[in-house]
**Student:** 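Have a look at this one.
Note on naming: letters A, B, ... go to the chains in the order of the sequence lines (proteins, then strands), and numbering restarts at 1 for each one. Since the structure is predicted, the reported quantities are computational estimates derived from the model, not experimental observations.
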Amino acid sequence: MTFRLATWNVNSLKVRLPHLLDWLGAERPDAVCLQETKVEDASFPLDAIRAAGYQAVFCGQKAYNGVAILARSALTGVTHGIPGFADDPKRVIAATVGGIRVVSLYAPNGQAVGSDKYAYKLRWYEALAAWTKDELAGDARLALAGDMNVAPEDRDVHDPKRWEGQIHVSELERTALRRVMEAGLVDAFRLFPQPDRSFSWWDYRLAAFRRDWGLRIDLVLLSRSLAARCRACTIDKAPRRLERPSDHAPVIAELQ
DNA sequence: ATGGTAGAAACTCTA
């Protein structure tokens, strides 16, 4: 029995709902973490998602941010945000599904290195690392999945020289992400051989997708016990090729 | 390759 866990920054659930429903129907993932839903809870398209065979928990706001978890089985123990980190933007929701603690994450973008938003991004990551340490105490089956807004290594960047020191790639951001992983998580994608130039996000501008000017910033991070069960992790570029796509592609990890 | 596009909302911000 396999369990397929996906993450997808949909950049407006309202606009992307047809793509999402088609993709759920085609891929039938067991659980999906969504980011940038940009929809208040009262407007969440729960009926359409239920009709597709999924339950949902969500935490959204108008215009910006917003996260959700969809699942084909029950979602229990739902929590919002990072404990002890006061934060207005809706970036974090967690639930237990299929015996796995699943966290849907939308990390701060950071805007520019050295900006106030960059400092906030680093603080957010520090809080995430502390929380992850707590969650991993004992034999935790924990999966953090989402738009981490950091490309972990140069091979996750289409042009590392051009991006050197820039937002998503700077050393402090990479260290901040590493601190989360050092709590005891592994990048599911790198458990397996992967094609060169594997990316999950391409800017809408400058025909970046056509030119494959991308970054891999959407990650599934697994605790050791889950990593041992992981049999594959792939990026599905198909939805990025559609008309009016999200700027992100979904990532799917398959657990045995 | 130093601009540009997309989304939401509202005459601009965020990514």
**Student:** Please work out if A:Y106 contacts a base, only the sugar-phosphate, or nothing of the nucleic acid, heavy-atom cut-off 4.0 Å.
**Tutor:**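 Sugar-phosphate, backbone atoms only, no base.
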**Student:** Can you check whether A:K62 has a side-chain N or O nearer than 4.0 Å to OP1 or OP2 of B:dA8?
**Tutor:**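 So the side-chain polar atoms of A:K62 never come under 4.0 Å of the phosphate oxygens OP1 or OP2 of B:dA8.
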**Student:** Take atom P in B:dG4 and the same atom in B:dA8, then report the distance between them in whole Å.
**Tutor:**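 Roughly 23 Å separates the two P atoms.
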**Student:** Checking A:R179 against A:Y125: charged group under 6.0 Å from the ring centre and within 45 degrees of the axis?
**Tutor:**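 No, A:R179 does not lie over the aromatic ring of A:Y125.
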**Student:** Would you classify A:H158 as touching base, sugar-phosphate or nothing, given that sugar-phosphate means primed atoms plus P, OP1 and OP2, and contacts are heavy atoms under 4.0 Å?
**Tutor:**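 Base contact.
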**Student:** Between A:R211 and A:H248, who's closer to the 5' end of DNA chain B by nearest nucleotide?
**Tutor:**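 Going by which nucleotide is closer to the 5' end, it is A:R211.
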**Student:** Round to the nearest Å and state the distance from A:D147 atom CG to B:dA15 atom C1'.
**Tutor:**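 After rounding, the reported distance stands at 10 Å.
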**Student:** Sticking with atom P, work out how far B:dT14 lies from B:dA9, rounded to a whole angstrom.
**Tutor:**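 These two P atoms come out 14 Å apart once rounded.
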**Student:** Using whole Å, report how far CD of A:Q61 lies from C1' of B:dA8.
**Tutor:**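 Going from A:Q61 (CD) to B:dA8 (C1'), I get 12 Å.
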**Student:** In whole angstrom, what separates A:L13's CG from B:dA6's C1'?
**Tutor:**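 One finds 16 Å between C1' of B:dA6 and CG of A:L13, rounded.
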**Student:** Nearest whole angstrom, please: distance from the C1' of B:dT14 to the NZ of A:K90.
**Tutor:**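 In whole Å, B:dT14 C1' lies 18 Å from A:K90 NZ.
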**Student:** Which value, in whole Å, describes the distance between the C1' atoms of nucleotides B:dG3 and B:dA15?
**Tutor:**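 The answer is 15 Å between these two C1' atoms.
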**Student:** Please check if the side chain of A:R91 supplies one atom and the backbone of A:S104 the other of a donor-acceptor pair under 3.5 Å.
**Tutor:**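 No; zero donor-acceptor contacts below 3.5 Å.
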**Student:** Which residue, A:A207 or A:Q111, contacts DNA chain B at a nucleotide closer to its 5' end, judged by nearest heavy atom?
**Tutor:**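 Counting from the 5' end, the first nearest nucleotide belongs to A:A207.
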**Student:** Nearest to the A:K117 side chain among B:dA9, B:dG7, B:dT14, which nucleotide is it?
**Tutor:**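 Nearest nucleotide to the side chain: B:dT14.
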**Student:** In whole angstrom, what separates A:N11's CG from B:dT5's C1'?
**Tutor:**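 Roughly 11 Å, once rounded to whole Å.
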**Student:** Could you check how far CH2 of A:W213 sits from P of B:dT5, rounded to whole Å?
**Tutor:**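 Going from A:W213 (CH2) to B:dT5 (P), I get 13 Å.
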**Student:** Over how many whole Å does the gap from A:R210 atom CZ to B:dT5 atom C1' extend?
**Tutor:**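 In whole Å, B:dT5 C1' lies 14 Å from A:R210 CZ.
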**Student:** Is there ring stacking between A:Y204 and B:dA15, where the centres must be under 5.5 angstrom apart and the planes under 30 degrees?
**Tutor:**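 No; by the centre-distance and plane-angle rule, A:Y204 does not count as stacking on B:dA15.
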**Student:** Could you check whether A:Y118 and A:N109, counting side-chain N and O atoms only, form a donor-acceptor pair closer than 3.5 Å?
**Tutor:**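 The answer is no; no qualifying pair exists.
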**Student:** Look at A:R205 and B:dA15 and indicate whether a side-chain polar atom (N or O) is within less than 4.0 Å of OP1 or OP2.
**Tutor:**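 So the side chain of A:R205 is outside the cut-off, no N or O lying under 4.0 Å from OP1 or OP2 of B:dA15.
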**Student:** Is it the case that the side chain of A:W8 and the backbone of A:V32 share a donor-acceptor pair, with hydrogens and angles ignored and the cut-off at 3.5 Å?
**Tutor:**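 Not confirmed, A:W8 side chain does not pair with A:V32 backbone.
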**Student:** What integer distance in Å separates A:W201:CH2 from B:dA6:P?
**Tutor:**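 About 14 Å, once rounded to whole Å.
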**Student:** Taking only the side-chain heavy atoms of A:S12 (C-beta and beyond), determine which of B:dT14, B:dG7, B:dT2 contains the nearest atom.
**Tutor:**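 Of the options given, the side chain of A:S12 lies nearest B:dG7.
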**Student:** Assess the side chains of A:N149 and A:W201: does a donor N or O sit below 3.5 Å from an acceptor N or O?
**Tutor:**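 No.
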**Student:** Is there a side-chain contact between A:R244 and the phosphate of B:dG7, meaning an N or O under 4.0 Å from OP1 or OP2?
**Tutor:**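 Yes, such a contact exists.
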